[in-house]
Amino acid sequence: MGKIKGLIHLGTVNTDGRGESMKKKRVLFLSIILLSILFGLIGRLMQVQLVQTESFSQHKINLIESSVEQRTQQIVIDEGRGAFLDRAGNPMTFDEENVVVLFPFLNKIEWPSATVASILGMNEADIKRDLLGAKEPVVLKGSQDLTQSQMDRVNALEVQGVFAVKKKVKKSVIPAAQLIGVTGENTTLFHERYPDRVKGANQPVGVSGLQGIFDEWLIAEEQAKLVYHVDATGGPLFGADVKYIASANPFYPLNVKTTIDSRAQQALEEVADTYDMKKGGLLLLDIESNEIVASVSRPKMKEGEPFGEGATDYMRKALIPGSVFKTVIAAASLEEGLVDESRMFDCNRDIRGGEAQKPHGSINIKDSLAASCNRTFADLANELTEKDPDLIETYADKLGLTGDVAWKGDVFHYEDFSQLKLEQSRIFASDAAKGDRNEIAMTGIGQNEVRVTPIGMANMMATIARGGKAYEVSAVSSVEYQNGADMVNFPKREGGEGISPFTAMKMQQYLRGVVNSPLGTAPYLQEAAYEVAGKTGTAQTGSYRGETIKANELYNKWFAGYFPFRDPKYALVAVNMDVLVDEGGIYPIFKDSVDALYRLDQE
């Protein structure tokens with residue numbers, strides 16, 4: 001029994017030892033967990049207060065700015081984004097207004113509201129009503145037309161919470177809206193583009209048009225705003241003045257100076273509105289500089305719906321050109337020696353040898369272009385392709401209709417920077433189509449798979465008007481510092497190879513014949529204020545309005561040309577899209593545009 005008790009006693013000792021050991025392990029384990037939590041909290045605190053103060057979490061929240069916002073009342077005077085200017089240097093995207101800003105804490109204190117009302121020529125009760133119940137600083141209604149003298153008198157009162165300032169306000173109607181493009185607040189997109197920039201990460205970024213292309217130059221260094229520190233109840237912390245916060249760099253933000261002439265832009269907008277253009281637009285080039293002077297696209301971009309149906313810029317879309325494309329076939333055939341004015345074409349026949357819908361008899365190349373004879377250009381297109389399958393595409397490039405139409409070059413730290421994003425043009429859908437005579441014939445008259453942009457079309461007309469010299473199209477002349485000095489310049493750049501002066505001279509005569517010859521398809525334009533040369537086009541779209549019958553077929557109606565004929569200044573393209581054959585006349589639109597530009601030139 002003694003041995004057994006001893007064994008039992010010994011076993012008890014061993015069991016107690018293991019218990020103590022397990023207790024120590026549990027204490028150690030809990031200590032490690034607590035220390036881990038403590039170090040985690042310390043790490044999180046360091047992350048919040050030291051490491052990611054301006055870029056916290058995957059949402060890149062600026063904790064400093066958020067903290068300031070919680071204990072201040074503030075109003076943004078200028079979002080800080082660079083502006084677009086017209087060619088005269090006037091802002092296109094914003095207006096600058098003289099306004100009076102009132103802070104909400106004025107509701108809790110005595111202030112000389114009657115004196116302010118007297119200076120502004122307003123009713124004191126109206127001012128107090130605007131301020132009543134405000135949680136944020138407000139722009140006083142009706143104060144947008146202040147004189148500088150009124151602003152100076154208001155500020156001379158030195159009333160805390162009352163300030164007369166210049167405030168930048170986005171224009172309700174932006175000229176050339178689709179060309180300029182839109183911005184949007186997209187934090188994810190901002191950080192994808194600018195991973196090293198965290199300050200003001202909720203600022204607008206360019207989404208489309210020139211806003212997107214030139215975004216890196218335009219993004220703000222810092223917003224300009226009035227900031228006032230308040231206590232927990234929203235009352236002022238006196239002793240802390242209202243602060244004006246803005247970028248300390250006098251050269252930024254940068255501005256983008258476009259080539260748009262605001263007067264010409266407005267004139268063409270009015271023409272489009274007069275004829276109630278539903279879809280299409282007008283594109284105007286300066287022939288000497290090859291700059292876009294005006295760009296009108298319909299439908300209009302609606303305020304508050306920047307991504308609606310009016311967001312599409314049809315001047316940069318690749319569209320079916322119809323008979324305007326015959327200009328390429330004529331120029332290529334002349335340049336390649338396939339035709340001269342002694343050669344006659346049977347224009348009583350259509351492209352497949354049947355009876356033509358509009359017979360013109362046996363006529364030469366000049367009259368064929370004037371009358372827009374399909375048989376002539378179907379035959380010549382096949383002859384060009386037989387000589388070289390790529391010849392039609394080559395001449396479309398040479399004329400500046402396709403290829404690198406927009407200004408492209410090395411700028412700053414960008415390689416092959418392009419000012420404009422144009423939809424890809426095409427002549428043939430595949431190489432196989434170049435072996436099919438019927439498809440080639442349809443291509444020769446601008447149908448089938450031919451797709452070109454109105455910008456390219458205007459560029460082609462400018463190339464011919466200049467005597468065959470091709471240049472790239474530009475929409476921006478420079479990027480400027482705030483003081484007006486140029487940071488980046490965009491000089492005129494040569495484009496396609498162009499055509500010979502002789503061919504260009506012949507094409508000038510032929511395009512003038514479209515307007516003034518007996519067979520010409522655009523005699524209406526003889527009444528325009530300037531002498532016009534150009535080419536008509538009525539392109540089948542393959543779409544219908546309602547029932548699929550001939551009467552409901554929709555067309556793109558074009559006129560592309562230049563003027564004045566003897567001393568070319570402008571190349572202009574007008575296109576009215578998806579219209580019935582007996583509606584949407586393009587000649588009055590083009591003529592009224594020419595007349596409007598003539599009047600501007602006479603001022």
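Taking the charged nitrogens against the carboxylate oxygens, Asp95 and Lys168 have no contact shorter than 4.0 Å, which rules out a salt bridge. The pair Lys591-Asp595 counts as a salt bridge, with a side-chain nitrogen and a carboxylate oxygen less than 4.0 angstrom apart. Taking the charged nitrogens against the carboxylate oxygens, Lys300 and Asp273 do have a contact shorter than 4.0 Å, which makes a salt bridge. Looking at Arg545 and Glu583, a side-chain N of the basic residue comes within less than 4.0 Å of a carboxylate O on the acidic one, giving a salt bridge. Salt bridge Arg263/Glu603: present, at least one basic N to carboxylate O contact under 4.0 Å. The pair Arg87-Asp261 fails the salt-bridge criterion, with no side-chain N (NZ, NE, NH1 or NH2) lying under 4.0 Å from an Asp/Glu carboxylate O.
Counting only heavy atoms from C-beta outward, the side chains of Pro454 and Leu319 approach each other to under 4.5 Å. Here the side chains of Tyr471 and Arg493 are not in contact, with every heavy-atom distance at 4.5 Å or above. Taking the side chain as every heavy atom from C-beta outward, Glu309 and Lys302 approach each other to under 4.5 Å. Between Thr259 and Val293 the shortest side-chain heavy-atom distance does not fall below 4.5 Å. Between Leu283 and Leu572, the closest side-chain pair of non-hydrogen atoms is not below 4.5 Å. In this structure, Thr183 and Arg81 have side chains that are in contact, with non-hydrogen atoms separated by less than 4.5 Å. For the pair Lys257/Val479, no side-chain contact is recorded, criterion being any heavy-atom separation below 4.5 Å from C-beta on.
Of the possible polar contacts, one joining the Asn155 side chain to the Ala164 backbone as a donor-acceptor pair under 3.5 Å is found. Listed for the Asp410 side chain is a donor-acceptor partner under 3.5 Å among the backbone atoms of Asp416. Here the side chain of Gln419 pairs no donor or acceptor atom with the backbone of Lys408 at under 3.5 angstrom. Side chain of Gln482 to backbone of Pro253: a donor-acceptor contact under 3.5 angstrom is found. No donor-acceptor pair closer than 3.5 Å links the side chain of Glu291 to the backbone N or O of Val473.
The distance between the ring centers of Trp217 and Tyr414 falls below 6.0 angstrom. Residues Tyr570 and Tyr598 keep their aromatic ring centres 6.0 Å or farther apart.
Glu124 is linked by a salt bridge (Lys or Arg N to Asp or Glu O under 4.0 Å) to Lys128, counting only residues two or more places apart in sequence or in another chain.
By the 30° and 60° cut-offs, the orientation of the rings of Tyr481 relative to Phe251 is perpendicular.
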